[in-house]
Structure formats: C-alpha cells, structure tokens
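One structure below.
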Amino acid sequence: VQLQASGGGLVRAGGSLRLSCAASGGSGFTLEDWAIGWFRQTPGKEREAVSCISGNGDSTYYSDSVKGRFTISRDIAESTGYLQMNSLKPEDTAVYYCAVMFSFHDVPPTTPSQYDYWGQGTQVTVSS
C-alpha cells in the first residue's frame, strides 16, 4: 500500500485547508475496512494523532485541540482520505502525515505504532 499526502501549504490564521491522502494498493484496492489516521509532528516533539477514522467508517477520533474545527472523511471508491481543517491557528503548524491500517474494529486507532503504512507528510504553516 502506498499513500500520497497532499494539500498542505501556507495559510493565515482563521483560514482553511483540505488535506488528501490518496491510497494505492494494486488492482481492486479500496479503503474499505482500512482505518485512516492523520498525525502531525513539529521539531522536537512526538508525532501526535489529530484525527482518525475506524475501518468501518462508523467512528472517529479528534484530539481536543482540533475538535470542532477539523473533519475527517474518506471516499472508498476513490481510495482517498481527507482532513478538512477550518479555523486554523498558528499552533496547527506542523508536518501532517496520513497513515492506514487494515482493521475491522469499530474503534479508530490513535497510536502511530498501530498503523502499517504512512504517507510522506505535507507541511502546514499557519501565519498569525
């Protein structure tokens, strides 16, 4: 499975960005039953979970810092995950990574070590 993250950039505080995570895995591959996680990392800090969605798509997780501002979604047919980020703040500045793991569980995994495949990261910079 290969993941391609995109959509990062420079935006002013209060602005919006939508990150995409395109997954490919050979003929017939879809994101059905794959949990998706969005993580972010800043220099000197550990990678933290921002938002995750369970493999069946029924459950989501948002960190307290982004709850109410970010929305995770996925398009099974397009094999793409999304993170819509609104009301961005300077403290949202980080490299954002998407990751996937095959999972039938209804609880979205939130620990980086649980994920099997990772995208390359996309920089999000929010200016004040």
Side-chain angles (χ1 to χ4, degrees):
V1 177
Q2 293 183 322
L3 304 177
Q4 181 71 39
S6 61
L10 173 64
V11 64
R12 289 194 175 189
S16 298
L17 286 173
R18 188 176 80 154
L19 304 184
S20 298
C21 179
S24 60
S27 177
F29 176 84
T30 72
L31 282 174
E32 188 172 7
D33 296 322
W34 287 81
I36 303 171
W38 286 96
F39 296 79
R40 66 187 181 189
Q41 190 169 23
T42 54
K45 292 191 176 182
E46 293 187 354
R47 196 167 295 188
E48 64 169 350
V50 174
S51 181
C52 309
I53 187 168
S54 61
N56 62 9
D58 289 345
S59 301
T60 56
Y61 162 84
Y62 294 95
S63 67
D64 289 341
S65 62
V66 308
K67 201 171 294 182
R69 300 188 296 123
F70 290 11
T71 303
I72 190 171
S73 63
R74 65 181 188 174
D75 186 324
I76 298 295
E78 295 295 325
S79 292
T80 302
Y82 300 98
L83 184 67
Q84 178 67 44
M85 307 187 295
N86 298 329
S87 302
L88 283 162
K89 304 175 181 180
E91 49 264 44
D92 294 319
T93 296
V95 177
Y96 284 71
Y97 299 88
C98 63
V100 298
M101 67 168 287
F102 190 75
S103 173
F104 291 114
H105 296 303
D106 192 30
V107 178
T110 60
T111 304
S113 61
Q114 293 176 283
Y115 286 82
D116 300 313
Y117 302 97
W118 289 82
Q120 82 286 9
T122 184
Q123 176 71 46
V124 172
T125 303
V126 184
S127 64
S128 58

Pairwise side-chain contact, Phe102 with Asp33, heavy-atom cut-off 4.5 Å (strictly under) = yes
Without swapping roles, check the side chain of Thr30 against the backbone of Ser79 for a donor-acceptor pair under 3.5 Å.
-> no
Regarding Asp75 and Thr80, is there a side-chain donor-to-acceptor distance under 3.5 Å anywhere?
-> no
Got a donor-acceptor contact below 3.5 angstrom from the Ser103 side chain to the His105 backbone?
-> yes
Validation row: Thr122, Ser6 side chains within 4.5 angstrom (heavy atoms) | no
How close do Phe39 and Ala99 get, heavy atom to heavy atom, and via which atoms?
-> CE1-CB, 4.4 Å
Below 4.5 Å, heavy atoms only, C-beta onward: do Trp38 and Ile53 meet side chain to side chain?
-> no
Which pair of heavy atoms, one from Cys52 and one from Pro109, lies closest together, and at what distance?
-> SG-O, 3.1 Å
Report yes or no: does Arg74 contribute a side-chain atom to a donor-acceptor pair with the main-chain N or O of Gly55 at less than 3.5 Å?
-> yes
Could you give the distance from OG (Ser128) to CZ (Arg12), rounded to the nearest 0.5 Å?
-> 9.5 Å
Using a strict cut-off of less than 4.0 Å between a Lys/Arg side-chain nitrogen and an Asp/Glu carboxylate oxygen, indicate whether Lys67 and Asp64 qualify as a salt bridge.
-> yes
same_hphob_cluster(Leu3, Val95) at 4.5 Å side-chain heavy-atom cutoff = no
Shortest non-hydrogen pair, Thr60 vs Pro108, comes out as C-CG, 3.9 Å
Going only through I, L, V, M, F, W and Y residues with side-chain contacts under 4.5 Å, is there a path from Val100 to Val107?
-> no
Does NZ or CZ of Arg47 come closer than 6.0 Å to the centre of the six-membered ring of Trp118, within 45° of the ring's axis?
-> yes
Of all heavy-atom pairs linking Ala49 and Ser63, the shortest is O-CB, 3.6 Å
Between the side chains of Ser65 and Arg40, is a donor N or O closer than 3.5 angstrom to an acceptor N or O?
-> yes
Compute whether any side-chain donor of one residue and acceptor of the other, for Thr111 and Ser113, lie under 3.5 angstrom apart.
-> no
For residues Thr93 and Val126, report the shortest heavy-atom separation together with the two atoms involved.
-> OG1-N, 2.9 Å
Taking a hydrophobic cluster as the set of Ile, Leu, Val, Met, Phe, Trp and Tyr residues connected by side-chain heavy atoms closer than 4.5 Å, whether directly or through intermediates, do Val124 and Val66 fall within one such cluster?
-> yes
Check whether any side-chain N or O of Gln120 sits under 3.5 Å from a backbone N or O of Ala5 as a donor-acceptor pair, and report yes or no.
-> yes
Rounded distance (nearest 0.5 Å) linking atom CD of Glu48 with atom CD of Gln41 | 9.5 Å
Measuring from Ser51:OG to Gln84:CD, what's the distance to the nearest 0.5 Å?
-> 12.0 Å
Counting heavy atoms not belonging to Gln123, are there more than 12 under 6.0 Å from its CD?
-> yes
Single-linkage hydrophobic cluster, 4.5 Å side-chain cutoff, Val50 and Tyr117 together | yes
Just say parallel, tilted or perpendicular for the rings of Tyr96 and Phe70, cut-offs at 30° and 60°.
-> tilted
Indicate if Tyr82 and Val1 have the same hydrophobic cluster label, given that clusters are the connected sets of ILVMFWY residues with side-chain heavy-atom separations under 4.5 angstrom.
-> no
Qualifying residue for side-chain contact (heavy atoms from CB on, under 4.5 Å) with Leu83, from Leu17, Thr71, Ile72, Ile36 | Ile72
Pairwise side-chain contact, Asp92 with Arg69, heavy-atom cut-off 4.5 Å (strictly under) = yes
